[in-house]
Amino acid sequence: MPMTSSRGKALAGTVTVPGDKSISHRALMFGLLTVGETRITGLLEGEDVINTAKACRALGARIERTGPGAWTVHGVGVGGLVQSAEALDFGNSGTGCRLMMGVVGCHPIRATFDGDASLRKRPMRRALDPLELFGVRVVAQGEGGRLPITIEGPRDAVPVVYESPVASAQVKSAVLLAGLNAPGVTSVIEKEATRDHTERMLSHFGASVTVTPHGAHGRRIDLVGQPELKPAPVVVPADPSSAAFPLVAAAIVPGSDVTITGVMMNTLRTGLITTLIEMGAAIEQLNPRIESGEDIADLRVRGSRLTGVDVPAHRAPSMIDEYPILAVAAAFAHGTTRMRGLHELRVKESDRLAAVADGLAAAGVDYAIDGDDLIVEGTGRAPGGGTVATHMDHRIAMSFLVMGLATDQPMSVDDTGFIVTSFPDFIPLMRRLGADFA
Ligand code: S3P
């Protein structure tokens with residue numbers, strides 16, 4: 001369904017955004033890999049995560065929803081997965097698909113992975129390459145290593161030391177999850193530290209995992225394989241990648257004053273907040289606390305005069321999903337914002353670099369792409385008036401709906417249907433803050 005957003009009054013109020021998507025996928029998968037009952041609260045009930053829950057069921061878990069965001073998983077344990085007669089369908093989700101390839105990889109079963117038209121375009125060799133080193137066989141794959149893909153796990157997996165050529169938490173996680181069912185120690189070396197939810201959850205469920213610094217920005221992770229995971233409750237904190245939308249909306253709509261409660265502040269996820277503060281956004285972190293091993297805080301943000309900044313490439317992993325909404329903030333800043341090293345944006349739910357550029361053009365904003373860098377020329381205001389093609393990408397839809405709250409003329413997006421993959425109540429939540437979406 002298309003939708004139009006228009007400039008109106010200042011945004012105001014206190015909201016809670018849904019549970020973190022990365023942690024929600026992992027909580028279900030760890031539940032599957034644990035014998036006994038895993039209780040999850042605050043689970044994101046978006047389509048991506050629901051597809052992961054279905055796949056966990058197909059692989060042997062008993063999963064029940066006991067209330068809003070409250071789920072229990074009775075798993076089969078590391079080594080205990082059953083073969084699914086049906087293909088595992090991950091819909092729009094690269095995270096669900098690639099992580100589950102790791103979960104399944106070192107089990108001696110066959111499994112077929114599939115997804116929607118967007119996921120069928122995305123590269124999967126980045127997960128398959130390391131899995132083959134464990135002894136996993138790729139039985140069938142689409143052209144260029146695309147979905148649908150069938151893999152078969154080895155009887156006796158061998159552990160792997162893998163230096164990932166891409167800064168990707170999904171690849172790192174696929175290797176670690178596969179290493180769970182290999183004997184000995186599996187190691188991943190990453191040049192740039194990426195989100196560490198898998199490592200944290202491995203320790204939380206009782207696996208032996210050590211993390212050591214590697215080079216200027218990297219890490220080495222060593223995991224002892226074939227542990228018996230112990231059930232542990234998971235409390236999912238609010239997703240900083242979803243908080244990003246009301247956060248930027250409040251920063252760009254003059255006079256706004258919005259508080260977003262209980263947002264995860266893991267420093268491998270907070271690159272957007274760092275950048276917005278550098279741009280001059282009035283963001284306060286209130287009531288900082290630790291819940292379930294993650295730092296969280298309430299974020300109060302007010303309408304602010306933003307200034308263009310230079311965003312270093314090494315910050316990209318800590319805000320990889322936030323560049324579309326940062327580009328929107330940059331359009332309303334005064335001066336040039338240069339976002340460096342965005343090559344990974346080309347392989348997200350859409351080619352986000354192209355989709356963002358087209359959206360900025362539709363809004364009449366000056367920008368340039370220079371290699372892997374996106375340069376936005378902010379003038380403090382943006383004309384708007386265009387329609388943005390969302391290309392099955394939830395974050396493109398939400399970013400440009402937010403943009404229309406501050407452009408001179410309304411902005412439209414062609415399709416809001418994919419917002420349910422990550423933030424099902426985005427539209428009512430934004431309306432509660434005063435957003436004019438029609
Ligand atoms: C995720 C990792 C990132 C991110 C995605 C979630 C994860 O992908 O874009 O939304 O949960 O591990 P990459 O690992 O491909 O960068």
Side-chain angles (χ1 to χ4, degrees), residues 18-30 43-44 46-49 51-52 90-103 115 118-119 121-130 162 164-178 188 190-202 219 221 234 236-237 239-245 264 266 268-272 294 313-326 341-353 355-356 372 392-396 398-399 418-419 421-423:
D20 185 68
K21 183 144 73 81
S22 295
I23 294 185
S24 295
H25 284 297
R26 286 163 173 81
L28 292 166
M29 292 179 193
F30 275 86
L43 189 85
L44 165 63
E47 265 178 14
D48 281 4
V49 174
N51 283 325
T52 289
F90 292 92
N92 196 246
S93 178
T95 308
C97 185
R98 297 194 184 106
L99 267 59
M100 196 64 97
M101 285 177 167
V103 168
S118 154
L119 195 55
K121 284 191 202 149
R122 298 179 64 186
M124 293 295 153
R125 285 302 322 175
R126 53 178 56 201
L128 297 178
D129 287 343
Y162 193 65
S164 182
V166 275
S168 164
Q170 293 179 9
V171 173
K172 169 177 68 178
S173 300
V175 177
L176 292 172
L177 290 165
V188 182
E190 50 178 6
K191 282 191 221 62
E192 301 282 342
T194 61
R195 65 190 69 194
D196 61 355
H197 310 303
T198 301
E199 297 90 305
R200 285 175 188 242
M201 221 176 270
L202 282 165
R219 291 181 171 183
I221 302 108
V234 180
V236 184
D239 194 330
S241 299
S242 296
F245 300 105
M264 178 167 58
N266 179 321
L268 294 167
R269 297 288 301 280
T270 50
L272 175 74
E294 290 284 3
H314 71 77
R315 196 179 290 165
S318 70
M319 55 180 299
I320 194 65
D321 293 334
E322 281 67 79
Y323 285 102
I325 193 67
L326 176 62
L342 304 191
H343 48 91
E344 276 294 303
L345 288 199
R346 295 205 182 271
V347 292
K348 294 296 177 188
E349 285 81 331
S350 66
D351 175 346
R352 278 191 183 151
L353 199 47
V356 167
D372 288 339
M392 304 177 77
D393 190 329
H394 54 131
R395 297 197 202 282
I396 298 299
M398 290 187 278
S399 295
F418 284 84
I419 294 174
T421 60
S422 71
F423 197 163

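Both counts, for ligands and for their atoms, begin at 1 and track the order of listing. For the numbers below, each heavy atom of this structure counts, side chains included, while hydrogens, waters and symmetry mates do not.
Legend: residues meeting side chain to side chain contact (heavy atoms under 4.5 Å, CB included) with Ser93, ordered by chain and number and at least two apart, are His25, Asp48, Thr95. By the ring pair (Phe, Tyr, Trp, His ring centres under 6.0 Å) test, Tyr323 pairs with no residue at all, sequence neighbours left out. Residues satisfying the side chain to side chain contact (heavy atoms under 4.5 Å, CB included) test with Ser164, not counting sequence neighbours, are Tyr162, Val166, Val171.
Put simply, the side chain of Met398 reaches to within 4.5 Å of the side chain of Ser422, judged on heavy atoms.
Using a 4.0 Å cut-off between charged side-chain N and carboxylate O, Arg269 and Glu294 make no salt bridge. Using a cutoff of 4.0 Å between basic side-chain nitrogens and carboxylate oxygens, Asp321 and Arg195 are scored as salt-bridged.
For ligand 1, residues of the protein lying within 4.0 angstrom by heavy-atom distance are Ser22, Arg26, Thr95, Ser168, Ala169, Gln170, Arg195, Ile320, Asp321, Lys348.
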